[in-house]
Amino acid sequence: MKIACVGGGAAGLYFAISMKLRDPSHEIAVFERNRSGDTFGWGVVFSDQTMENLYANDPVSAQAMLDELAHWDDIDIRIEDGEKKTAIRSGGHGFIGIGRKRLLNILQDRARDLDIDLHFEVEVEPDSAFLADYDLIIAADGLNSKLRRRYDEHFETDIDVRLNKFVWLGTHQRFDAFKFLFVNTEWGWIWAHAYQFDKDTATFIVECGPETFERAGFGEMSQEETCRLCEKIFAEHLGGHPLMTNSAHIRGSAWINFPRIICNTWHYKNIILLGDAAHTAHFSIGSGTKLALEDAIKLAEVMNRPGIDKAGALDTALDDYRDERQLEVVKLQNAARNSTEWFENLDRYLKMEPMQFAYTLLTRSQRVSHENLRLRDPEWLAALEAKLVEAATGKPAEGPSPPMFLPLKLRGMTVRNRVVMSPMAMYSAVDGMPDDFHLVHYGARALGGAGIIFTEMTCPSPEGRITPGCTGIWNDEQAAAWRRITDFVHRTPDAHICMQIGHSGSKGSTRLAWDGIDKPLESGNWQVVAPSDVKYLPESQAPVPLDRAAMDEIRDQFVAAARRAEDAGFDMIELHCAHGYLLSGFISPTQNKRTDEYGGSLENRLRYPLEVFRAMRAVWPVDKPMSVRISAHDWVGDDGVTPDEAVEISRAFVEAGVDLIDVSSGQVTKAEKPVYGRMFQTPFSDQIRNELGVTTMAVGNIYEIDHVNSIIAAGRADLCALARPHQMDPNWVIRAAAQQQYPAAPVPKQYLSGYFQLKLNLQRAAQMTPLK
């Protein structure tokens with residue numbers, strides 16, 4: 001096969017090498033626009049796993065790299081805010097690095113050994129006639145790929161230019177750890193990512209937000225002037241060594257914004273994208289070169305499978321390459337996005353106590369979890385856990401305590417741990433009446449250790465139900481039935497129960513979920529209402545827009561429901577303003593098309609939900625907490641509620657007296673395009689909590705012990721709501737306590753013998769030493 005690699009960086013060179021190793025008969029040429037010694041950046045970071053992959057593919061070039069790798073184990077975090085200076089060091093992280101120029105030299109030498117033709121200072125245009133002579137064209141020409149841009153419509157390119165500015169510098173200062181250096185300057189926070197990559201040189205990436213960049217005047221500075229100012233900012237860490245640029249051949253400022261690139265298609269005809277041309281990963285997770293090299297290995301493997309020379313086989317092979325690489329790429333890009341957004345919102349986290357700030361930094365990508373940190377540096381994590389205990393209780397920690405078992409005070413209620421059974425519709429009531437099913441369902445989860453049991457959405461009127469099977473709180477008989485359940489829950493020490501109260505709005509009068517979720521009833525329908533006459537589904541019943549009299553009536557129904565919830569013995573109530581139900585419909589512009597004082601601006605759209613909330617809060621006991629569930633993202637771009645608007649929604653409820661924001665998203669409009677993943681809604685909770693300083697609850701695909709501990713320890717939420725895990729295992733919290741060998745587990749005395757046996761079995765299975 002005759003192959004042209006356009007781009008002589010790591011991706012193009014390593015693909016050429018990998019192809020030649022598999023079949024020396026391939027005729028391969030590499031074309032690079034720059035000179036052989038030119039490169040952007042200074043050092044490259046690899047993991048041990050990446051080096052194992054490279055060694056398995058080509059021991060010769062891998063060994064040449066291994067002979068020159070710089071190794072370090074610690075991450076050193078420095079925070080300078082005026083006279084206040086903090087240093088935090090965590091170990092066990094195991095980084096390795098090599099100079100980017102040296103890496104390219106090694107790959108160039110290896111390519112020459114394998115008779116690969118290398119051509120430097122050759123600018124290959126997309127329509128160059130000589131490309132027609134090649135069977136396969138590899139577009140490895142970086143994030144600004146000309147080949148990709150020429151055929152953007154075919155590659156379906158999505159480029160997201162990120163907010164922060166950064167410049168890639170170097171220094172001869174030696175560092176004994178990976179350094180994160182945060183300095184509060186007269187212009188704002190400026191920080192550096194610094195690490196050694198050979199015995200004499202270190203990478204020194206300087207980053208800041210766009211406002212700080214403008215105030216400091218970096219955009220008007222030459223590269224020389226940028227280096228001199230950054231030397232002053234980071235003088236304490238540079239030991240008198242200057243900062244250097246290797247981009248002097250570029251006119252003007254070398255500061256750039258990072259472009260996140262996603263291509264839905266990776267090949268067009270015989271052109272295939274490789275490395276940064278196809279996808280980029282932010283430098284803060286150090287995986288861009290890793291992605292490029294592992295792309296090259298996989299593509300070479302696919303291109304040398306049997307039958308590749310048959311008609312139509314090339315297209316099939318290129319499709320296979322994308323299919324087999326895409327999941328790993330998506331995972332790394334998601335991790336990179338998390339890391340990018342952390343640095344873009346740095347001010348949120350710098351308000352934290354330094355140890356917790358360091359924890360959020362170390363776990364920002366979600367690739368490093370709580371238990372992974374324990375494996376890396378158990379002493380550091382134990383110190384962090386002790387600080388969290390002291391912050392939560394006001395007392396020194398008496399022993400190890402997983403973050404999920406920290407208590408939380410909400411008004412006069414102290415929650416025994418941070419794990420909540422999320423509201424889950426059971427569709428099992430008759431005429432709104434909870435029965436023995438509900439007693440067993442909620443009672444079992446209270447016995448199972450959850451900090452708070454949330455009821456399913458319970459309706460303040462028959463017309464407010466989603467389905468005929470929904471529970472109600474519109475009459476005294478229902479309140480008495482609920483009282484039976486709350487009395488049972490309260491027989492378990494420190495267990496608490498919250499009633500979620502909501503009105504279905506346009507999503508009402510539908511079938512039980514297992515008979516057709518959101519589908520209208522086949523008979524027995526009741527009239528549904530909403531802020532506007534917007535149907536939820538095309539086949540849904542058209543809602544009647546509420547007038548002021550009807551709004552007053554429904555508000556009063558909510559107030560009566562709150563009073564009955566108190567009579568029924570609930571410790572807390574939650575107002576449901578999410579998921580497209582009535583009050584959510586008022587908040588979301590996708591459902592609220594009103595032109596009166598209840599429509600239009602966010603302030604107007606919030607007016608009625610806040611009116612209902614305040615009326616309920618006024619009759620709810622002052623020592624009992626009240627929460628509100630919101631949809632923090634409608635997942636329809638700027639046409640619906642956005643995470644930034646969710647902050648303002650939360651702010652309004654905080655001013656109205658809410659104690660907890662229950663942060664969910666979506667289910668407001670069928671036009672939504674959510675991006676799912678583990679803990680996918682937690683970033684919304686993080687933003688609301690750390691911008692407003694309000695107590696939040698995270699919900700959404702949280703299902704592992706590590707998820708809960710990581711979210712709580714990082715201050716991304718104060719509570720974690722788990723639905724399906726509790727649905728399948730009422731004792732999820734007790735099992736989590738046993739698995740972590742937690743000595744003060746919330747176990748009913750009737751179950752202690754079973755718990756001790758479970759704890760012993762898990763201890764033996766994991767070969768653990770019990771906590772004392």
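This structure is a prediction, so every number in the text was calculated from the model and none was measured.
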Derivation of the salt bridge (charged side-chain N to carboxylate O under 4.0 Å, His left out) call for Arg374 and Glu371
CA-CA 5 Å; Arg374 195 185 307 281; Glu371 289 308 309; 2.9 Å; yes

Taking CD in Glu379 as the centre, count heavy atoms belonging to other residues, nucleotides or ligands within less than 6.0 Å. Is the count above 12?
no

Given Asp718, Thr696, Thr695, the one that forms side chain to side chain donor-acceptor pair (under 3.5 Å) with Arg689:
Asp718

Is there a side-chain contact between Pro625 and Met572 (heavy atoms, below 4.5 Å)?
yes

Can you name the side-chain hydrogen bond (donor to acceptor under 3.5 Å, both in side chains) partners of Asp160, sequence neighbours left out?
Arg162

Where the side chain of Thr363 meets the backbone of Gln366, is there a donor-acceptor pair that is under 3.5 Å apart?
no

With distance as the sole criterion, is a donor-acceptor pair present between the side chains of Lys165 and Asn257 under 3.5 Å?
yes

If we only count heavy atoms from C-beta on, is the Leu346 to Arg348 side-chain gap below 4.5 Å?
no

Answer yes when Asp494 and Arg416 have at least one side-chain N-carboxylate O distance shorter than 4.0 Å, and no when they do not.
no

Ring centres under 6.0 Å, that's the criterion: do Phe653 and Phe613 meet it?
yes

Side chains of Thr682 and Ser685, donor plus acceptor under 3.5 Å
no

Partners passing ring-ring contact (aromatic ring centres under 6.0 Å, His included) against Phe684 (at least two apart in sequence or in another chain):
His633, Trp635

So, using side-chain contact (heavy atoms from CB on, under 4.5 Å) as the criterion, who are the partners of Glu603 when residues are at least two apart?
Ser601

Looking at Arg228 and Glu231, is any side-chain nitrogen of the basic one under 4.0 Å from a carboxylate oxygen of the acidic one?
yes

Those residues that, when tested against His370, pass side-chain hydrogen bond (donor to acceptor under 3.5 Å, both in side chains) (two or more places apart)
Tyr359, Glu385

Assess whether ring-ring contact (aromatic ring centres under 6.0 Å, His included) is satisfied between Phe204 and Phe234, documenting all intermediate values.
CA-CA 10 Å; Phe204 202 90; Phe234 298 102; 5.4 Å; yes

CG (Asn184) and CD1 (Ile190) are apart, to the nearest 0.5 Å, by 9.0 Å

Is the shortest side-chain heavy-atom distance between Met352 and Thr360 below 4.5 Å?
yes

Roughly how far apart are Ile688 CD1 and Ile630 CD1, rounded to 0.5 Å?
4.0 Å

Pairwise distance CG(Asp158) to CD1(Ile261) - rounded to 0.5 angstrom
9.5 Å

Counting C-beta onward and ignoring hydrogens, is there a side-chain heavy-atom pair between Trp42 and Thr201 closer than 4.5 Å?
yes

Tell me, do Trp168 and Asn246 make a side-chain contact under 4.5 Å, heavy atoms counted?
no

Taking atom types as modelled and ignoring hydrogens, do the side chains of His193 and Glu207 form a donor-acceptor contact shorter than 3.5 angstrom?
yes

Taking atom CG of Asp638 as the centre, does the number of heavy atoms from other residues, nucleotides or ligands within less than 6.0 Å exceed 12?
no

What distance do Leu66 atom CG and His71 atom NE2 have between them, rounded to the nearest 0.5 Å?
7.0 Å

Set of ring-ring contact (aromatic ring centres under 6.0 Å, His included) partners for Trp380, sequence neighbours left out:
none

Flag the pair Glu691 / Ser650 as yes when at least one side-chain heavy-atom distance between them is below 4.5 Å, and no otherwise.
no

Residue list, ring-ring contact (aromatic ring centres under 6.0 Å, His included) with Phe258, at least two apart or on another chain:
His282

Taking salt bridge (charged side-chain N to carboxylate O under 4.0 Å, His left out) as the test, write out the residues that go with Glu648, two or more places apart.
Arg651

Tightest non-hydrogen contact, residues Ser339 and Arg364, listed as OG-NE, 2.8 Å

Quick one: which residue pairs count as a ring-ring contact (aromatic ring centres under 6.0 Å, His included) with a foot in residues 385-420, not counting sequence neighbours?
Phe405-Tyr742

For the rings on Phe178 and Phe180, is their centre-to-centre separation under 6.0 Å?
yes

With distance as the sole test, does His237 use its side chain to make a donor-acceptor pair with the main-chain N or O of Ala235 at under 3.5 Å?
no

So which pairs with a foot in residues 186-195 pass salt bridge (Lys or Arg N to Asp or Glu O under 4.0 Å), sequence neighbours left out?
none

Does Pro210 offer a backbone N or O that forms a donor-acceptor pair with the side chain of Thr212 under 3.5 Å?
no

Contact between Ser90 and Asp74 at the side-chain level, heavy atoms closer than 4.5 Å - yes or no?
no

Any pair counted as ring-ring contact (aromatic ring centres under 6.0 Å, His included), so long as it reaches residues 685-704, sequence neighbours left out
Tyr703-His707

Look at the rings of Phe182 and Phe343 and say which category their plane angle falls in: under 30° parallel, 30 to 60° tilted, over 60° perpendicular.
parallel

Quick check for you: to the nearest 0.5 Å, what is the distance between Cys230 atom SG and Leu243 atom CG?
6.5 Å

Which residues pass the side-chain contact (heavy atoms from CB on, under 4.5 Å) test with Lys409, sequence neighbours left out?
Thr414

Is the side chain of Thr203 donor-acceptor paired with the backbone N or O of Leu169 at a distance under 3.5 Å, no angle test?
no

So OG of Ser710 and CG of Leu373: to nearest 0.5 Å the spacing works out to 7.5 Å

Begin from the C-alpha positions of Phe166 and Trp255 and carry the test ring-ring contact (aromatic ring centres under 6.0 Å, His included) through to its verdict.
CA-CA 5 Å; Phe166 72 98; Trp255 290 82; 8.3 Å; no

May I ask you to test the Arg617-Asp659 pair for a side-chain heavy-atom distance under 4.5 Å?
yes

Applying salt bridge (Lys or Arg N to Asp or Glu O under 4.0 Å), which residue pairs with at least one partner in residues 232-245 are found, sequence neighbours left out?
Lys85-Glu236

Main-chain N/O of Gln356 paired to Tyr349 side chain as donor or acceptor, under 3.5 Å
no

